[in-house]
Q: 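There's a structure below that I have some questions on.
Both ligands and their constituent atoms are indexed starting at 1 by order of listing. Here, residue 1 is the first one in the sequence, and each next residue gets the next number. As the structure is a computational prediction, the values presented were derived from the model and not from experiment.
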Amino acid sequence: MTRNILIALLRNDLRLHDHPIFHLCSEPSPSNASFKQPVTHVLPVYVWDQRHVEVSGFANLEKAGKRSGGKGSSQFAKTRELGIWRTGVHRTKFINESVFDLRDRLRSVGSDLAMFAGTPESVVPSLVNEIRDKGDTVEAVYLGREINTEEVNVQKRLERILQDLQCPIKMFEGKSLIHSRDLGFPVSKLPDVFTHFRKQVEGDDMFRPPLPAPEKLKPFAQVSVQDSAGVYSLSDKKDQGLDKKETVEKHLLKPLLEEPVLGHDELLSKVFSSTSEIDVPHSAFPYRGGETEALRRLDHYFSGGKSSPGASYKETRNQMLGADYSTKFAAALAHGLLSPRLIAQKATQLDAATGNSNNKGGGYWILFELLWRDYFYFVGWKFGSHLFTLGGIEEELSPKSASSKAYEWKSTSSLTDRKDPFVRWSTAKTGVPMIDANMVELVQTGFMSNRGRQNVASFLTKDLGWNWRHGAEFFESWLVDYDPNSNWGNWQYVAGVGNDPRSSRQFNPIKQGKDYDAQGEYVATWLPVLRDVDEKYRHHPWTTSGAGWEHSAENHKTTLQHHPFPIVRDRAYRLQRHPLHWWKESVLLYRTSASAASSSNNAAPAEPPTRCSLIPHARANAHRRSPPTPGHRGVPLRTSFSNCQAVLPLNCSNRKRFVHISSYRFTATKQVAQLYVGYSTPDAHH
Ligand SMILES: Cc1cc2nc3c(=O)[nH]c(=O)nc-3n(C[C@H](O)[C@H](O)[C@H](O)COP(=O)(O)OP(=O)(O)OC[C@H]3O[C@@H](n4cnc5c(N)ncnc54)[C@H](O)[C@@H]3O)c2cc1C
């Protein structure tokens with residue numbers, strides 16, 4: 001009997017529940033399955049895409065060439081700017097676990113999964129041809145719709161190739177909480193500010209109910225194809241053990257471990273066992289990939305009514321230690337192990353059960369965050385490739401404002417230069433505990449809390465003035481939950497080139513540390529050297545003596561030999577010719593050191609600020625000025641003080657010279673201040 005086969009190409013939708021394609025392929029066929037001819041068999045297919053994951057660890061694999069979307073053997077799955085692995089060890093392991101879990105789950109409902117490495121544009125047409133050569137028919141190729149540039153290009157190429165083969169292709173939307181057709185406006189009219197978006201879409205019926213997982217699927221279509229460029233069948237290599245999770249993982253990790261990124265082997269060697277299991281005792285993300293584990297986590301988070309972790313989400317979500325302070329659903333969402341609608345349904349049910357249906361319960365706030373995810377998804381859809389450009393989507397939204405800002409992003413010239421500020425940031429050597437601890441956590445576990453992400457992104461882009469795309473690529477490599485829209489969208493947002501661009505979105509990592517990690521437990525967990533430092537000083541160990549910078553530098557040398565000086569101080573030495581940098585860095589260092597404060601020669605306003613962001617044109621002027629000489633009255637800098645947080649110490653010093661903020665004065669609006677930054681000799685200081 002002729003088989004009529006439906007090919008289901010899976011990408012970031014590795015689950016059975018709320019899966020429109022598996023729903024249509026369930027047995028018996030649901031009433032909305034409008035096939036041309038009755039489908040007799042289904043062929044679920046997963047392809048390890050050579051453009052995203054490095055596949056050269058598989059013996060005799062021939063990579064796809066240009067016609068099939070690849071670049072042959074010259075192609076490595078590396079990022080564009082930094083040239084680091086696009087999918088690092090943690091996410092590679094997680095996806096592999098997820099793929100094998102899906103295979104097991106498919107088997108449990110009477111189906112299976114065909115696994116390949118290469119490109120979908122090579123694999124799918126080969127399958128179509130093979131099926132037809134055997135005298136069977138192909139009903140269609142079904143796949144989940146992706147909206148980002150590269151994925152859209154894959155879809156377009158597939159469409160073209162399948163059109164030539166006269167094989168229908170159909171795409172299904174299943175990534176977002178709200179279906180694009182239910183938004184109430186076309187994606188092109190997406191509001192530019194999140195709050196406006198939320199207010200327009202929020203409501204009791206904003207999301208469709210999730211589809212149930214099929215109890216039985218149509219039988220699996222066994223199809224064998226010959227290996228060729230871009231087509232490397234793992235399922236057909238049982239003799240090499242490539243139908244086993246552990247063997248596939250070993251081959252996938254091989255190139256990543258042989259060529260570690262940025263010297264991170266040092267950090268990773270502490271957590272990798274000889275069997276390449278990763279063991280991190282304090283990991284906030286101790287989870288494996290796969291729908292099975294994701295559903296278990298979902299159940300855990302929402303079980304227990306008022307005492308469930310979900311019920312207290314609003315109060316705990318900004319913490320940084322432990323598994324339950326936030327949902328940890330992001331990785332499951334990124335790879336489609338959990339449907340956002342199932343999470344939203346459970347969150348709503350939790351609020352109803354705990355008497356919190358008034359938008360005040362933990363469930364509501366989880367939904368709120370899922371709307372942020374949706375927002376970035378639709379931003380990615382609307383702005384396409386602008387999600388990835390240096391000028392960001394602001395260039396599209398308001399080109400005038402974007403060009404007036406004239407950011408001077410700094411870039412890394414060599415990843416092997418350990419003194420390079422970006423390399424120090426990415427190897428957890430900035431000397432600022434809140435930043436370094438988060439970076440260690442990321443590299444060792446593949447996860448970082450939202451609080452941490454905001455801080456390290458702000459530090460890289462605002463304190464160091466670094467090219468934000470370097471940071472985004474670094475996150476892409478290391479995050480288990482990497483998602484193009486959430487990652488690049490958030491990086492743009494923090495860098496001030498995305499939606500709602502504001503240059504003042506800058507965090508003070510020391511204050512943030514004190515607010516969210518008061519005892520310094522988080523930083524001491526990931527930077528054990530800080531265990532020996534008094535809790536009060538863990539976020540600024542250089543002030544341990546309490547006597548200001550000079551003494552603390554001595555103290556630092558003796559007690560914190562393995563903890564670097566803050567990078568901002570090092571840079572201050574090197575950038576003496578740029579008064580602006582002096583000023584910025586001095587403020588960063590000294591705003592926490594109460595003992596450094598002394599009086600100003602001008603009358604001080606009642607509440608002098610510490611968090612200052614420069615008005616852009618002052619930045620440009622400051623760069624043009626010649627360096628001030630000792631005794632010079634100072635360089636006037638106009639600053640905006642809308643984010644004031646604490647008292648600004650007025651006199652700042654460093655070992656060789658002293659820089660002081662000699663005076664400041666508020667204008668009538670109290671929004672703008674004139675700041676005079678001057679130098680004096682060490683003798684003159686006391
Ligand atoms: C610079 C930067 C990069 C980021 N990169 C990613 C990324 O690649 N992938 C990713 O999923 N999230 C990213 N985020 C958003 C957020 O930090 C993570 O989603 C969150 O920390 C994951 O932990 P959780 O699942 O416990 O989140 P929870 O606090 O439990 O939130 C629940 C869910 O809401 C969504 N969510 C929460 N906050 C955001 C947000 N700001 N933007 C978009 N969705 C959000 C996530 O899907 C998350 O799983 C990034 C944030 C920043 C500042």
Q: Tell me whether Arg181 is salt-bridged to Glu173, with the criterion being a basic N under 4.0 Å from an acidic carboxylate O.
A: no

Q: How would you list, by chain and number, every residue that makes a side chain to side chain donor-acceptor pair (under 3.5 Å) with Arg453, sequence neighbours excluded?
A: Asp481

Q: Does Phe368 form a ring pair (Phe, Tyr, Trp, His ring centres under 6.0 Å) with Phe194? I'd like the steps, not just the answer.
A: CA-CA 11 Å; Phe368 186 97; Phe194 167 73; 5.6 Å; yes

Q: Can you sort out the partners of Thr119 under side-chain contact (heavy atoms from CB on, under 4.5 Å), two or more places apart, ordered by chain and number?
A: Asp49, Gln50, Arg51, Ala64, Ser68, Glu121, Ser122

Q: Mind listing the N or O contacts between ligand 1 and protein, cut-off under 3.5 Å?
A:
| residue | atom | partner | partner atom | Å |
| --- | --- | --- | --- | --- |
| ligand 1 | 5 (N) | Asn487 | OD1 | 3.3 |
| ligand 1 | 8 (O) | Asp483 | N | 3.1 |
| ligand 1 | 9 (N) | Asp481 | O | 2.9 |
| ligand 1 | 9 (N) | Asp481 | OD1 | 3.3 |
| ligand 1 | 17 (O) | Asn450 | OD1 | 2.8 |
| ligand 1 | 21 (O) | Asn450 | N | 3.4 |
| ligand 1 | 25 (O) | Thr327 | OG1 | 3.4 |
| ligand 1 | 25 (O) | Lys328 | N | 3.4 |
| ligand 1 | 25 (O) | Phe329 | N | 3.1 |
| ligand 1 | 25 (O) | Ala330 | N | 3.0 |
| ligand 1 | 26 (O) | Ser326 | OG | 2.5 |
| ligand 1 | 26 (O) | Thr327 | N | 3.4 |
| ligand 1 | 26 (O) | Lys328 | N | 2.7 |
| ligand 1 | 29 (O) | Tyr313 | OH | 2.6 |
| ligand 1 | 30 (O) | Thr327 | N | 2.8 |
| ligand 1 | 30 (O) | Thr327 | OG1 | 2.6 |
| ligand 1 | 31 (O) | Tyr313 | OH | 3.4 |
| ligand 1 | 38 (N) | Glu369 | OE1 | 3.1 |
| ligand 1 | 41 (N) | Asn490 | OD1 | 3.3 |
| ligand 1 | 42 (N) | Asn490 | ND2 | 2.9 |
| ligand 1 | 49 (O) | Ala330 | N | 3.0 |

Q: Of all residues at least two apart in sequence or in a different chain, which pass the salt bridge (charged side-chain N to carboxylate O under 4.0 Å, His left out) check with Glu81?
A: Arg469

Q: Parallel under 30°, tilted from 30 to 60°, perpendicular over 60°: which one fits the rings of Trp468 and Trp488?
A: perpendicular

